[in-house]
Amino acid sequence: MIDFSLQIPTKIDFGRDSLSHLEEEVRRYGTRVLLVYGGGSIKRIGLYDKVMTILNGLNCRVWEISGVKPNPRLGLVRDGVTLCKEQQIQLVLAVGGGSAIDTAKAIANGACYDGDPWDLFEGKGKNDHVLPLGVIVTIPAAGSEMSDSSVITREDDLCKRGRNTPLNYPKFSILNPEYTFSLPAFQTACGAVDIMAHMMERYFTNTESVELIDRMTEGALKTVIHNATIVLKQSEDYDARAEIMWAAALAHNGLLGTGRVTDWASHKLEHELSALYDIAHGAGLAIIFPAWMKYVLSKGCVGKLRQFAVRVFDVPEDFGTDEAIAMEGIARLERFYRSLGLTTTLHENGIGEENLGRMAQRAVAMGGGKLGNYYPIHEEDAQAIYRLAL
């Protein structure tokens with residue numbers, strides 16, 4: 001186990017009555033509020049009206065940035081930054097899933113920066129403070145409600161970039177599993193894959209003597225696998241939804257990455273896929289992660305993949321060689337993704353070989369010439385992984 005520092009400043013209000021905490025949270029920051037959300041789902045489930053009733057009861061002035069899409073766009077961030085500066089916004093409040101939250105994070109940062117907010121994602125600019133950010137979660141997936149990360153796509157060249165900074169942590173996040181009851185099966189499935197991917201990016205490490213976090217991660221992965229199957233059959237099972245919602249937050253708040261060198265190659269490879277083809281992030285991860293596993297296994301990275309197979313997917317110890325056990329674990333992961341209704345190949349999504357080189361080059365360039373740590377991924381490796389995903 002290596003040295004680490006961990007500080008998670010986000011306050012979590014969790015449960016059926018969690019929205020009742022919104023009033024006290026807003027009072028801490030001011031009455032000029034920017035509300036950031038996606039389409040009509042928060043209105044269909046009545047959440048928008050509930051939030052507005054609370055804000056109106058506090059005599060807040062509310063401005064709105066709506067229409068946030070999956071793989072959130074820079075243009076909307078720029079609109080929000082302009083609005084914050086012109087209207088002296090005191091609190092940015094995101095209502096929705098990871099895309100709404102990531103957009104709100106970028107706006108909260110950009111409002112405290114003199115240049116183009118994209119500078120912050122390219123490392124060309126820096127801010128030392130941020131507008132307070134609050135979150136009400138409706139899609140458990142990205143874990144952005146408790147993380148230091150934000151991912152935005154620039155429309156001009158379909159460039160997708162992430163930014164990690166302690167400034168990104170929300171001040172508070174409200175999590176009510178009931179707000180996820182109406183999620184379509186596809187979004188539920190993509191969310192489960194994203195949650196698991198955040199765990200696996202941390203799990204696959206060469207750092208030794210990390211048994212505690214390994215066991216915690218394995219338990220969390222099995223919890224998501226078990227409860228995702230339940231909610232796809234019983235969409236209003238509160239307890240199963242609660243397990244998934246809390247798993248999403250814990251998967252990406254840094255806890256499961258403590259004491260180890262983490263990977264993140266699969267995420268960066270997927271970012272290029274979803275940037276270019278606008279595929280849902282979770283759906284893209286269901287394609288990329290197994291391909292990455294197969295590739296690194298072929299390069300001799302057996303130990304952790306074997307452990308994953310045995311402890312997470314219950315592959316018998318006497319199944320065969322270590323490599324055979326590891327490969328069976330990958331096969332069971334793919335079968336699980338398919339049981340959720342997702343695909344695991346690029347061809348099934350109408351994607352061929354035409355842009356594999358472009359995606360590999362951009363993904364590796366984003367990592368400074370190399371991706372990941374479990375097995376270093378260079379441009380030729382990235383292309384090979386994309387080809388395995390075909």
Anything under 3.5 Å between a donor and an acceptor, one on a side chain of residues 222-232, the other on a protein residue two or more places apart or in another chain? List them.
| residue | atom | partner | partner atom | Å |
| --- | --- | --- | --- | --- |
| Lys222 | NZ | Val312 | O | 3.2 |
| Lys222 | NZ | Asp314 | OD1 | 3.2 |
| Lys222 | NZ | Asp314 | OD2 | 3.2 |
| Thr223 | OG1 | Gly219 | O | 2.8 |
| Asn227 | ND2 | Thr223 | O | 2.8 |
| Thr229 | OG1 | Ile225 | O | 3.1 |

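- More than 12 non-hydrogen atoms from other residues, nucleotides or ligands lie less than 6.0 angstrom from CD of Glu354.
- At a threshold of 4.0 Å, the pair Lys171-Glu25 does not count as salt-bridged, since none of the basic side-chain nitrogens sits closer than that to a carboxylate oxygen.
- With sequence neighbours excluded, the residues that form a side chain to side chain contact (heavy atoms under 4.5 Å, CB included) with Leu22 are Leu19, Val26, Val51, Ile54, Leu93, Ile136, Phe172, Ile174.
- Among residues two or more places apart in sequence or in another chain, the side chain to side chain donor-acceptor pair (under 3.5 Å) test is passed with Ser144 by Asp102, Lys105.
- Between the Thr205 side chain and the Val261 main chain, a donor and an acceptor come within less than 3.5 Å of each other.
- Using a 4.0 Å cut-off between charged nitrogen and carboxylate oxygen, Arg387 and Glu353 count as a salt-bridge pair.
- Checked by atom type, the side-chain pair Ser20/Asp17 shows a donor-acceptor distance below 3.5 Å.
- Annotation: the span from Asp194 atom CG to Met199 atom CE amounts to 10.5 Å, rounded to 0.5 Å.
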Please tabulate, one pair per line, all N/O donor-acceptor pairs under 3.5 Å involving side-chain atoms of residues 371-383, not counting sequence neighbours.
| residue | atom | partner | partner atom | Å |
| --- | --- | --- | --- | --- |
| Asn373 | ND2 | Thr262 | O | 2.6 |
| Asp381 | OD1 | Tyr295 | OH | 2.4 |
| Asp381 | OD2 | His378 | N | 2.8 |

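- Every residue meeting the ring-ring contact (aromatic ring centres under 6.0 Å, His included) condition with Phe289, not counting sequence neighbours, appears here in chain and number order: Trp292.
- The side chain to side chain contact (heavy atoms under 4.5 Å, CB included) search around Ala291 returns Ile385, Leu388, Ala389, not counting sequence neighbours.
- A side-chain N or O of His267 and one of His281 form a donor-acceptor pair less than 3.5 Å apart.
- When the side chain to side chain contact (heavy atoms under 4.5 Å, CB included) test is applied to Ala104, the partners found at least two apart in sequence or on another chain are Val36, Val92, Ala94, Leu133.
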Just do the side-chain contact (heavy atoms from CB on, under 4.5 Å) check on Leu183 and Arg241 with the steps written out, would you? CA-CA 11 Å; Leu183 278 178; Arg241 289 284 189 185; 4.2 Å; yes
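- Asp263 places a side-chain N or O within 3.5 Å of a backbone atom of Ala265 that can act as its donor or acceptor partner.
- A salt bridge does not link Glu328 to Arg306: none of the charged side-chain nitrogens sits closer than 4.0 Å to a carboxylate oxygen.
- Proximity of the aromatic rings of His252 and Trp246 is defined here by a centroid distance below 6.0 angstrom, and this criterion is not met.
- Atom CD1 of residue Ile279 and atom OG1 of residue Thr343 lie 6.0 Å apart, to the nearest 0.5 angstrom.
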Determine whether Thr258 and Leu256 satisfy the following criterion, side-chain contact (heavy atoms from CB on, under 4.5 Å), listing intermediate values before the conclusion. CA-CA 6 Å; Thr258 50; Leu256 299 182; over 6 Å; no
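- More than 12 non-hydrogen atoms from other residues, nucleotides or ligands lie less than 6.0 angstrom from NZ of Lys370.
- Side-chain contact of Tyr203 with Gln307: a donor-acceptor pair under 3.5 Å is present, judged by distance alone.
- One finds the CD1 atom of Ile139 at 13.5 Å from the CD1 atom of Ile244 (value rounded to the nearest 0.5 Å).
- The backbone N or O of Arg358 sits nowhere less than 3.5 Å from a side-chain atom of Asn355 that would complete a donor-acceptor pair.
- Sorted by first and then second residue, the ring-ring contact (aromatic ring centres under 6.0 Å, His included) pairs involving residues 44-101 (not counting sequence neighbours) are Tyr37-Tyr48.
- The side chain to side chain donor-acceptor pair (under 3.5 Å) check on Asp13 picks up nothing, with sequence neighbours excluded.
- Between Glu23 and Arg28, none of the side-chain N atoms (NZ, or NE/NH1/NH2) sits under 4.0 Å from a carboxylate O, so this pair counts as no salt bridge.
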Apply side-chain contact (heavy atoms from CB on, under 4.5 Å) to the pair Phe186 and Leu342, showing each step before the final yes or no. CA-CA 8 Å; Phe186 178 73; Leu342 299 176; 3.6 Å; yes
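- Under the 4.0 Å criterion applied to side-chain N and carboxylate O atoms, Asp278 and Arg73 are assigned as salt-bridge partners.
- Under a 3.5 Å cut-off, the side chain of Asp119 and the backbone N or O of Lys124 do not form any donor-acceptor pair.
- The residue from Asn253, Asn164, Thr165 that alone fulfils the side-chain hydrogen bond (donor to acceptor under 3.5 Å, both in side chains) condition with Asp148 is Asn164.
- Within a 6.0 Å sphere centred on CD of Glu24, other residues, nucleotides and ligands contribute more than 12 heavy atoms.
- Using a 4.5 Å cut-off between side-chain heavy atoms of Ile, Leu, Val, Met, Phe, Trp and Tyr, with links allowed through other members, Leu131 and Trp118 fall into the same hydrophobic cluster.
- In summary, Lys294 and Glu334 engage in a salt bridge, as defined by a charged side-chain N under 4.0 Å from a carboxylate O.
- Asn168 and Ser147 are not linked by any side-chain donor-acceptor pair at a separation below 3.5 angstrom, with hydrogens and angles left out of the test.
- Side-chain heavy atoms closer than 4.5 Å link hydrophobic residues (I, L, V, M, F, W, Y) into clusters, and following such links, even through other members, never connects Leu35 to Ile107.
- For Asp49, there are no side chain to side chain contact (heavy atoms under 4.5 Å, CB included) partners two or more places apart in sequence or in a different chain.
- Between Asp214 and Lys304 there is a salt bridge, since at least one side-chain N of the basic residue sits less than 4.0 Å from a carboxylate O of the acidic one.
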Please lay out, stage by stage, how Arg161 and Glu122 fare under the test salt bridge (Lys or Arg N to Asp or Glu O under 4.0 Å). CA-CA 8 Å; Arg161 293 290 179 264; Glu122 289 200 318; 5.7 Å; no
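- Qualifying side chain to side chain donor-acceptor pair (under 3.5 Å) partners for Arg44, counting only residues two or more places apart in sequence or in other chains: none.
- With sequence neighbours excluded, no residue forms a side chain to side chain donor-acceptor pair (under 3.5 Å) with Lys299.
- The line from SG of Cys301 to CG of Asn206 is 6.5 Å long, rounded to the nearest 0.5 Å.
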Apply side-chain hydrogen bond (donor to acceptor under 3.5 Å, both in side chains) to Ser274 and Lys160, showing your working. CA-CA 8 Å; Ser274 55; Lys160 189 172 184 177; 2.7 Å; yes
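- Between the Glu272 side chain and the Ala360 main chain, no donor and acceptor come within less than 3.5 Å of each other.
- A donor-acceptor contact closer than 3.5 angstrom is absent between the side chains of Glu270 and Ser266.
- Remark: side-chain polar atoms of Gln90 are paired, donor with acceptor, to backbone N or O of Arg32 under 3.5 angstrom.
- Of the charged side-chain nitrogens involved, at least one lies within less than 4.0 Å of a carboxylate oxygen, so that Glu348 and Arg338 count as a salt-bridged pair.
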Would Ile2 and Val210 satisfy side-chain contact (heavy atoms from CB on, under 4.5 Å), going step by step from the backbone distance to the final call? CA-CA 9 Å; Ile2 61 175; Val210 287; over 6 Å; no
